[in-house]
Amino acid sequence: MKKDDLVKMRQDHVPKGVSQALPAMIAEAKGVIDFSGGIGVLNVGHSPDEVFKAIRDQAGKYLHTCFMVQMYEPYIALAKEMNELVSRKTPMKTMFVNSGAEAVENGVKIAKYYTKRPGILCFENAFHGRTAMTMSLTSKVKNYKFGYWPFMPEVYRVPYAYCYRCSYNLKYPSCDLYCADFIQQKFFDLYAAAESIGAIIVEPVQGEGGFIVPPREYLGKLQKICKDNGIVLIVDEIQTGFARTGKMFAYEYSIDEPDILITAKSLAAGLPLGGITGKAEIMDSVDAGGIGGTFGGNPVCCAAGLAVMKILKEKKLAERADGIGKKVMEKFRAFQKKYPFVGDVRGLGAMNCMEIVADKKNPKPNADLTKAIVRRCYDRGLIILTAGGYGKVIRHLVPLVITDEQLDKGLRILEEVMAEKAE
Ligand SMILES: Cc1ncc(COP(=O)(O)O)c(C=O)c1O
C-alpha cells in the first residue's frame, strides 16, 4: 500500500492519542535502520537470524498454553537465565508478563505484599508506563497524566539527581548528593513515615525523562536508605537493560543486587515480554494466584528472549555499547563546545543525549529547536528521537549491532543538521 493511502487509513481507523512524531513507515527491516532502535527495544537489531529461528521453531510446536495451566521449558529456562544474571549472593526468582508497564505493576504489587506497606516513593522526571498504576508513578503531567485521574494513592515523589538542573540549586560533588540524603533527613519526617513506604522505584538512568545520568554513588545511597528502613528497592531497567549502558544492567555500576529488577523492551527483540526478577524471599512472599496472567511469558516470546541472551553474550554487546558510546559522546561534546544551544551532553554506554537550550547562559528548554533538528534529520534520512520534559533532549539509542559505517553515516547527517541550525 502507498504511504499516503496508509496515512489516510490510519487517520480514519486509529485514535490520534496513539501518536507518531515523524511520518515514517516500514515494510521490512534487518539489523539497523535508525538511531531509535524501536525506542530501545532492538539492542540486538531487527530480526536477527537466531531470534527468527527460535521464534519459528517454537511457533511450530505450540503458541500458547498459559503457563498457569501447562508449564513449558522456554519460560523456566529464561527465568533461570535472568536469575543467574542478576544474583550475586542472594537467590533470585523471575516471572514474566507482557509489557514494561505490566512488569512495573507487578514489581510494585509484590513489594507492597512483601512489606505490607502502602507507600511508593518515585522521582521527578520518572517514566514507568501509561497504565493506571504506572501512570501514577510517571512524572510528566502532559500528555501522560492530565485528564486521566484519579491516580494511585500513597505515591510520593522527590527530585532525582538531575545535576544539570538541580532542584536544590546545588552543585555536584560539593552537594554530597543532598537529593538522596533529603529522603532520610527530611522526607520521612515531612511527607511519609519510612515504615509506611513499601518501595522506592528508580531508573538507574532516566530514559523518557531525558537520559538523565546520576552520579555513580546515587543508587548506592538509595539502596542504603532502603536497607536501613526495610524498604524494597525496585530498579526499573526497562530502557537501560540488556547491555545498553555498557553493562548487562546499569545498576551494576553502583550496587551489587537490586531487591527487584524490572525489564522489558530489549528482552525479546521486539516480541512483547516483561520480566520481574527479585530476591526469592520477596518474590515467594506472594500467595498462589496473586500474580500471573493469561499471556504472561508466552512461549514464543520466551524462546525469543533465550536467543537474545545468547546474542548479547556471544557478540559482547555490552563492550560494543561502550565503544559506540565513546564515539557518540566525543561528537556530542564537540557539538556542545561549538554550539551555544547545546546546554548539556550526557551518557552511559550507548545511551546518550544532548539537551537543547535557548543559550548556554540562559538554559531555557528549547523544544522548538529540538523538534526542528529531529525533523530535519528525518528529511535527510535519519530517524532520531526526542525525550525529556518540554521535549528538549535529543536521544541516541541505536541498536548495539550497528556497524561503524552506519554509525558514522548517521552522525554525519546529525552533524550537518546541527551546523545548518547554527547558521
Ligand atoms: C523506564 C521505563 N519504564 C517503563 C516503561 C513502560 O514500558 P511499556 O511501554 O512497555 O509499557 C518504559 C517505556 O518506555 C520505560 O522506559
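Both ligands and their constituent atoms are indexed starting at 1 by order of listing. Quantities reported herein were computed from a predicted structural model and do not represent experimental measurements. All residue numbers in this chain count up from 1 along the given sequence.
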Starting from atom 16 (O) of ligand 1, which protein heavy atom do you reach first, and at what distance in Å?
Gln239 NE2, 2.9 Å

Give yes if a backbone or side-chain nitrogen or oxygen of Ala101 is under 3.5 Å from a nitrogen or oxygen of ligand 1, and no if not.
yes

Residue and atom name of the nearest protein heavy atom (relative to atom 10 (O) of ligand 1), distance in Å to one decimal:
Gly100 N, 2.9 Å

Using a 4.0 Å cutoff against the non-hydrogen atoms of Glu203, which atoms of ligand 1 qualify?
1 (C)

In the protein, which heavy atom is nearest to atom 3 (N) of ligand 1, and how far is it?
Asp236 OD2, 2.7 Å

Between Asp49 and Lys53, is there a salt bridge with N-O shorter than 4.0 Å?
no

Just by distance, do the side chain of Arg117 and the backbone of Ala194 share a donor-acceptor pair under 3.5 Å?
yes

Report the member of Val202, Leu137, Ile238 with the shortest heavy-atom distance to atom 4 (C) of ligand 1.
Ile238

Please state which protein non-hydrogen atom is closest to atom 2 (C) of ligand 1 and give its distance, to 0.1 Å?
Phe127 O, 3.4 Å

salt_bridge(Lys140, Glu124) N-O dist < 4.0 Å
no

Specify whether Phe182 and Tyr178 have parallel, tilted or perpendicular ring planes, treating 30° as the upper limit for parallel and 60° as the lower limit for perpendicular.
perpendicular

Salt bridge check: are Glu415 and Lys331 linked by an N-O gap of less than 4.0 Å?
yes

Checking the N or O distance criterion of under 3.5 Å, is ligand 1 in contact with Val104?
no

Is the contact between Arg130 and ligand 1 made by the side chain, the backbone, both, or neither, using heavy atoms and a 4.0 Å cut-off?
neither

Relative to the ring of Phe187, is the ring of Tyr191 parallel (under 30°), tilted (30 to 60°) or perpendicular (over 60°)?
parallel

Which ligand 1 atoms are under 4.0 Å away from a heavy-atom of Lys265?
13 (C), 14 (O), 16 (O)

Whether the Gln70 and Tyr72 side chains hold a donor-acceptor pair (N or O, under 3.5 Å, no angle test) is what I'd like checked.
no

